[in-house]
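Numbering of ligands and ligand atoms starts at 1, following listing order. Residue numbers count from 1 along this sequence. No hydrogens, no waters, no symmetry mates; every other heavy atom, side chains included, goes into these values.
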Amino acid sequence: MTALPDAFVQRMKKQLGEEAELFFQALTQPPVTSIRLHHQKGRLPFQHATKIPWCDTGYYLQDRPLFSQDPHWHGGAYYVQEASSMVLDYVLNQLTFLPKPRIWMDMCAAPGGKTGILAKHLGAEDVLLANEVVGTRRSILYENLVKAGYINTFVAAEPASAFRTPFADIILVDAPCAGEGMMRKEAEALNQWSQSLVESCSQMQKEITGGAFRALHKDGYLIYSTCSYSPEENMLNVVGFQNQYHLESVTVSFPENWGITTLNEAGSSGYQLYPHKLRGEGLFIAVLKRTETDDDVSRKKGKQKQFFETVPKWLTAHLSSREACLVRKSDDQNGLISLAAVPKANELLEYLPRAHVAVTAGSLKGKDFVPAHTLATSRMFSDNFAVIDLTVETALDFLERDATTLPAGQHKGWYVMAFEGTYLGWAKWTGQGWKNHYPMSWRLRNRIRS
Ligand code: SAM
């Protein structure tokens with residue numbers, strides 16, 4: 001590891017006092033590997049995994065497997081996620097919510113690790129907006145959401161300035177930051193560090209959180225997190241948010257033996273995860289609640305615009321009857337939303353018509369139905385489609401977009417390719433052979449053959 005910047009060392013010594021040496025020592029240790037199982041499809045595919053205390057679907061792995069060689073990873077059965085960041089799961093469990101449908105927003109969502117945790121907490125009538133302004137990162141977010149197949153989830157690309165009035169009930173601002181907590185995991189975090197980076201991040205975080213506040217309903221929660229240790233990005237910002245906006249600090253209590261540090265400053269609380277006190281990287285998290293009355297209710301008038309319609313006849317037979325759905329109007333990919341979540345989805349789209357539904361059913365090409373990848377990963381396809389269970393080798397062939405080793409189909413048409421219960425995507429049996437419909441841009445490129 002490159003030497004730590006002197007200014008960072010001095011500041012951490014001041015912040016941590018006699019604990020500082022343990023902290024610096026922890027930074028010389030290898031980072032831990034951890035995964036979070038998909039809350040609906042995850043089945044632990046690893047031996048020697050131990051549970052992460054603050055997330056019931058999170059596991060530490062003993063070593064770091066080559067995830068790209070595991071079909072379950074491609075099928076979204078689990079997500080490789082840093083252990084400390086999963087503390088969001090526990091925080092959400094501690095919050096009290098009124099029993100009503102909600103709109104959730106992940107304001108800085110890519111690559112989507114925490115979006116997956118928010119999705120785990122979504123109620124049947126709730127919708128989730130995963131927002132990401134940076135285009136290249138949004139593509140990765142989209143890929144991860146599609147592979148996970150989270151229903152009732154939308155993707156958008158709005159800058160903080162676009163949020164002017166309240167529409168959301170829970171907002172996560174997992175802000176871009178100086179990345180101090182990632183120093184032992186990512187060389188870039190160490191190489192890029194400077195005090196001026198900390199200050200510019202702090203400024204950017206204020207602007208983003210301003211947008212989040214404007215978007216938040218009364219009694220709504222704003223969860224703020226960074227992977228830094230600096231007061232400018234963490235507690236000073238939280239105190240500033242509380243003073244500037246109508247927000248109150250919400251306290252969270254963690255079991256003492258987890259090693260999470262509570263920070264209190266000027267009536268605000270925040271929680272810091274340090275690598276010398278627990279198995280994970282650096283992370284800061286705080287919860288704020290909007291207290292002042294907003295006036296969005298008085299602004300709402302007239303009939304609610306309807307963005308969804310009944311599933312067209314030709315599509316009904318292709319959809320599972322387990323979940324009743326509507327489709328987005330004028331969407332040739334037929335974005336799906338479950339019936340219970342339609343009111344909140346309409347409300348969200350009235351506010352942000354550019355947002356698009358992550359789970360789509362597919363489209364008509366002439367008279368033929370072409371299923372969307374998400375129809376497989378979300379398990380929203382009907383029982384009329386046969387599922388073919390592949391071996392690990394043929395599953396990897398399929399993920400490479402090879403079609404020559406798949407077992408023959410029984411009849412012409414679409415099949416879902418699966419590996420040990422994880423749905424990987426679609427292939428079409430022509431009678432003579434297979435057409436592999438795994439998305440070209442996500443295909444496995446670095447196959448390692450034993
Ligand atoms: N929440 C993500 C997760 O758990 O996978 C990680 C988010 S990362 C810490 C911060 C994100 O903020 C990045 O994807 C970055 O592209 C985005 N970002 C950068 N500038 C931004 C801005 N001005 N407004 C909103 N988001 C921004």
Next on the checklist: Looking at ligand 1, is there an atom of it that comes within less than 4.0 Å of some heavy atom belonging to Ala175?
Outcome noted: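 The answer is yes: ligand 1 sits under 4.0 Å from a heavy atom of Ala175.
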
Checklist entry - For ligand 1, is there an atom lying under 4.0 Å from some heavy atom of Pro159? => result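 Checking ligand 1 against Pro159, which is what was asked, there is no heavy-atom contact under 4.0 Å.
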
Determine whether a donor-acceptor pair (N or O, by modelled atom type, separation under 3.5 Å) exists between the side chain of [X] and the backbone of [Y].
X: Ser230; Y: Glu233; result: yes
X: His38; Y: Ala148; result: yes
X: Ser34; Y: Ala83; result: yes
X: Asp106; Y: Thr115; result: yes
X: Arg184; Y: Ala26; result: yes

Checklist entry - Within 45° of the ring axis of Tyr221 and under 6.0 Å from its six-membered ring centre, is that where the NZ or CZ of Arg290 lies? => result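 Negative - Arg290 is either too far from the ring of Tyr221 or too far off its axis.
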
Checklist entry - Does the ring of Tyr60 carry Arg279 above it, NZ/CZ under 6.0 angstrom from centre and within 45° of its axis? => result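 Checked: cation-pi criterion met.
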
Answer with side chain, backbone, both or neither: which part of [X] has a heavy atom less than 4.0 angstrom from an atom of ligand 1?
X: Ser85; result: neither
X: Cys227; result: neither
X: Glu132; result: side chain
X: Val133; result: side chain

Write out the residue and atom name of the closest protein heavy atom to [atom], then the distance separating them to 0.1 Å.
atom: atom 1 (N) of ligand 1; value: Asp174 OD2, 2.7 Å
atom: atom 24 (N) of ligand 1; value: Ile208 CD1, 3.3 Å
atom: atom 18 (N) of ligand 1; value: Pro176 CG, 3.7 Å

Checklist entry - Hey, is CZ on Arg447 packed in by over 12 heavy atoms from elsewhere, all under 6.0 Å? => result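 Check passes, neighbour count above 12.
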
Next on the checklist: A quick test of your reading: do over 12 heavy atoms of other residues, nucleotides or ligands sit less than 6.0 Å from CD of Glu188?
Outcome noted: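 Not buried by this count: 12 neighbours or fewer within 6.0 Å.
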
Item to check | Partner of Met105 under side-chain contact (heavy atoms from CB on, under 4.5 Å), chosen from Leu128, Val173, Val127, Leu129 | outcome: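 Only match with Met105 under side-chain contact (heavy atoms from CB on, under 4.5 Å): Leu129.
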
Numbering as shown, the atoms of ligand 1 that approach [X] to under 4.0 Å (heavy-atom distance):
X: Gly113; result: 3 (C), 4 (O), 5 (O)
X: Val134; result: 16 (O)
X: Arg137; result: 8 (S), 13 (C), 14 (O), 15 (C), 16 (O)

Checklist entry - So which of Cys108, Gly135, Ser161 gets nearest to atom 12 (O) of ligand 1, if we judge by its closest heavy atom? => result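 When every heavy atom of Cys108, Gly135, Ser161 is considered, Cys108 comes closest to atom 12 (O) of ligand 1.
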
Checklist entry - With respect to atom 8 (S) of ligand 1, which of Ala110, Ala109, Gly211 exhibits the smallest heavy-atom separation? => result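 Selected option, by shortest heavy-atom distance: Ala110.
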
Item to check | Lys114-ligand 1 polar pair, N/O distance under 3.5 Å | outcome: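 Yes.
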
